[in-house]
Structure formats: structure tokens, C-alpha cells
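Reminder, nothing fancy here: chain letters follow the sequence lines and each chain counts from 1. Everything numeric in this text was worked out from a predicted model, so none of it was measured. These values consider heavy atoms only, across backbone and side chains, with no hydrogens, waters or symmetry-generated copies.
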Protein chains: 2
Amino acid sequence: MGLTKTEGYTQAQIELATVAKVLGHPARVAIVQHLLEINACIGNDLMDVLPLSQPTISRHLSELKKVGIIKGTIEGSSMNYCINAHRWREIRQMLGGLLGMEPGEQCC
Amino acid sequence: MGLTKTEGYTQAQIELATVAKVLGHPARVAIVQHLLEINACIGNDLMDVLPLSQPTISRHLSELKKVGIIKGTIEGSSMNYCINAHRWREIRQMLGGLLGMEPGEQCC
DNA sequence: TTTTAATATTGCAATATTGCTATATAGTAA
DNA sequence: TTACTATATAGCAATATTGCAATATTAAAA
């Protein structure tokens with residue numbers, strides 16, 4: 001089918017999965033890391049950083065924007081993209097809540 | 001194309017993305033949470049927990065196993081699945097390293 | 001041995017994802 | 001205005017993902 005069922009899961013599970021999925025591509029990981037590292041807003045200088053065409057980068061950016069990880073503001077004829085700090089902390093909570101759980105030591 | 005390029009990314013980026021991708025489905029999130037919560041090994045009791053058929057659950061389990069999040073040992077005619085504690089900590093480090101980064105406050 | 005239970009695999013159909021080229025759009029500069 | 005720059009969108013082809021029903025496999029139970 002290719003269509004993920006949504007009934008039967010909690011809203012939290014769906015949102016966690018949605019965010020994880022967006023981070024589930026090396027280009028988007030690279031974009032997020034880059035934005036966190038340079039700690040500044042950029043346009044599509046990403047063409048020098050990623051092995052992808054401009055349209056493809058644009059699509060990855062739009063997926064990151066869709067889940068709120070980044071935001072973009074218009075700056076003349078170019079775009080300023082950056083991490084959405086508030087949302088980033090939310091995501092840290094969300095994923096951190098899962099990652100922070102300790103598995104028992106007596107498992108198989 | 002539907003094929004993710006791998007050249008041009010670091011091994012760390014690819015691995016991070018691979019793990020995130022596997023967590024990018026509510027069924028797999030639910031499975032991981034369940035295993036962490038009940039802190040015990042289970043078979044396909046998951047049929048009572050997830051709105052999915054047995055074969056579909058089996059596939060999700062195998063994807064989780066592929067990236068090492070869970071492991072399964074044979075227990076007679078059934079399987080004991082559980083979180084791979086060592087790998088789980090590794091993943092916590094990996095994702096935590098990204099999530100822990102602080103975006104600057106001066107962004108757009 | 002036959003049956004039952006638990007799990008995995010196969011094969012399929014529907015949909016999603018990724019990437020490209022080509023094109024559109026919008027602002028800036030000449 | 002025209003030309004240029006930066007970005008987005010449309011449209012396409014290739015591949016991946018998700019889910020199910022049907023079937024295989026394997027071990028325990030009868």
C-alpha cells in the first residue's frame with residue numbers, strides 16, 4: 001500500500017515518528033547540522049555543501065520546514081533559513097523522552 | 001529516483017539518518033516504547049498492541065533488528081524480542097549529539 | 001505422525017520518496 | 001524595460017515503503 005496507518009497510535013507516537021522520519025535522510029541531517037554549526041541563517045549556499053541539485057535541496061528544506069525544525073524568512077530575493085529554536089527544544093524533549101528510557105538488563 | 005544518494009555525506013550522517021528513518025514509523029515507535037516499558041521480552045503479542053497484521057508486524061520487527069535497536073532470540077517456537085541495551089545507548093549518544101546542540105538565538 | 005501455534009517469507013497493489021530537468025516566480029541591478 | 005540571481009514548483013522516472021493474503025517454516029503438543 002505504501003500508506004502508513006494512523007489509527008491505533010497515540011498522537012505522540014505519530015508526531016515522534018513524523019519528526020524522526022524527516023531526520024531520516026542524510027541530506028536533511030547534514031542541513032540541520034550545518035545550520036546548528038554555523039549558527040546563522042543561510043540561503044542556498046547549501047549547494048556547496050550537499051551533493052544535490054538546487055531543486056532537490058529546496059525540497060529537503062521544505063520538508064524540514066513542514067515539521068517546524070527550520071524556518072525561513074525572505075531576505076530580498078533570497079531566503080534566510082535557520083533552526084527554529086523553540087521547536088528544536090520541543091523535539092529534543094520528544095525524542096529525548098524516548099531515548100532516555102533505560103532498557104532492563106535482563107533481556108534476551 | 002527514490003534512491004537516496006550516499007556519496008557526499010559522512011558515515012556518521014548516514015548512520016544517524018538510517019536510525020532516524022527506522023524510528024520514522026509510528027508502529028516502530030510503538031514497538032520500541034512497548035519493549036522499553038514492559039522491560040521484558042515478547043513474541044508477537046504485539047498483535048494485541050498494534051493495528052497491524054502479523055506479517056506486517058514481523059517486517060517492522062525485522063527493520064528494527066536490522067539497525068540493531070532490538071534483538072531476538074529463539075525461544076522454542078516463538079521469539080523473544082527486546083531492546084539491545086548496548087546499541088540503544090549508542091543510538092542515544094548519536095541522536096543526543098545532534099539534539100543536544102543549541103541553536104543560536106539571533107536567527108531569523 | 002498429525003496437528004497446532006508462532007513466526008517468517010513471498011508476491012502483490014497502492015502509495016511515497018528521491019532526484020533530475022525544465023520552467024515559473026520574484027526581487028535586484030543595469 | 002531587460003537581464004540576472006535566488007528560490008520554488010511541476011512533471012517525470014526510478015526506486016522504496018507499507019500493508020495484506022497466502023504460503024512456508026519450525027517447534028511443540030496431541
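Here the P atom of nucleotide C:dT23 and the CZ atom of A:Arg59 are 18 Å apart, to the nearest Å. Separating the NZ atom of B:Lys5 from the C1' atom of C:dC20 is a distance of 9 Å, rounded to the nearest angstrom. If you measure from atom NZ of B:Lys65 to atom C1' of C:dA8, you get 9 Å, rounded to the nearest angstrom. Remark: C1' of D:dT9 and CD of A:Glu63 are 14 Å apart, rounded to the nearest angstrom. The separation between B:His25 atom NE2 and C:dT15 atom C1' is 12 Å, rounded to whole Å. The nearest whole Å value for the distance from the CD atom in B:Glu7 to the P atom in C:dG19 is 10 Å. Spacing between atom CG of A:Leu61 and atom C1' of D:dT7 amounts to 10 Å, rounded to whole angstrom units. Taking atom CG on B:Leu52 and atom P on D:dA21, their separation rounds to 12 Å, with Å as the unit.
When each of B:Ala27 and B:Gly76 is assigned the nucleotide of DNA chain D bearing its nearest heavy atom, the one mapping closer to the 5' terminus is B:Ala27. Ranked by how close their nearest DNA chain C nucleotide is to the 5' end, A:Thr4 and A:Ser53 are led by A:Thr4.
Considering only side-chain atoms of B:Ser58, the nucleotide from C:dT28, C:dA8, C:dT7 that sits closest is C:dA8. With distances taken from any side-chain atom of B:Thr56 to the nucleotides D:dA16, D:dT7, D:dC20, the minimum falls on D:dC20. Listed nucleotides D:dT17, C:dA8, D:dA6 differ in distance to B:Lys21; the shortest reach to its side chain belongs to D:dT17. The listed nucleotides are C:dT21, D:dA16, C:dT7; the one nearest the side chain of A:Pro55 is C:dT21.
Interatomic distance, NE2 of B:His25 versus OG1 of A:Thr4, reported as 3.5 Å (0.5 Å rounding). Of the inter-residue distances, the one linking B:Ile83 atom CD1 with B:Glu37 atom CD reads 10.5 Å to the nearest 0.5 angstrom. In this structure, the separation between CG on B:Leu61 and CD1 on B:Ile31 is 4.5 Å, given to the nearest 0.5 Å.
Around CD1 of B:Ile38, the count of heavy atoms belonging to other residues, nucleotides or ligands within 6.0 Å exceeds 12. The 12-atom threshold is exceeded at CD of A:Glu102, counting heavy atoms of other residues, nucleotides or ligands nearer than 6.0 Å.
Between A:Tyr81 and D:dA6, a side-chain N or O to OP1/OP2 separation shorter than 4.0 Å is absent. Distances shown here put a side-chain N or O of A:His60 below 4.0 Å from the OP1 or OP2 atom of C:dG19.
With hydrogens and angles ignored, a donor-acceptor pair closer than 3.5 Å exists between the side chain of A:Gln54 and the base of D:dA8.
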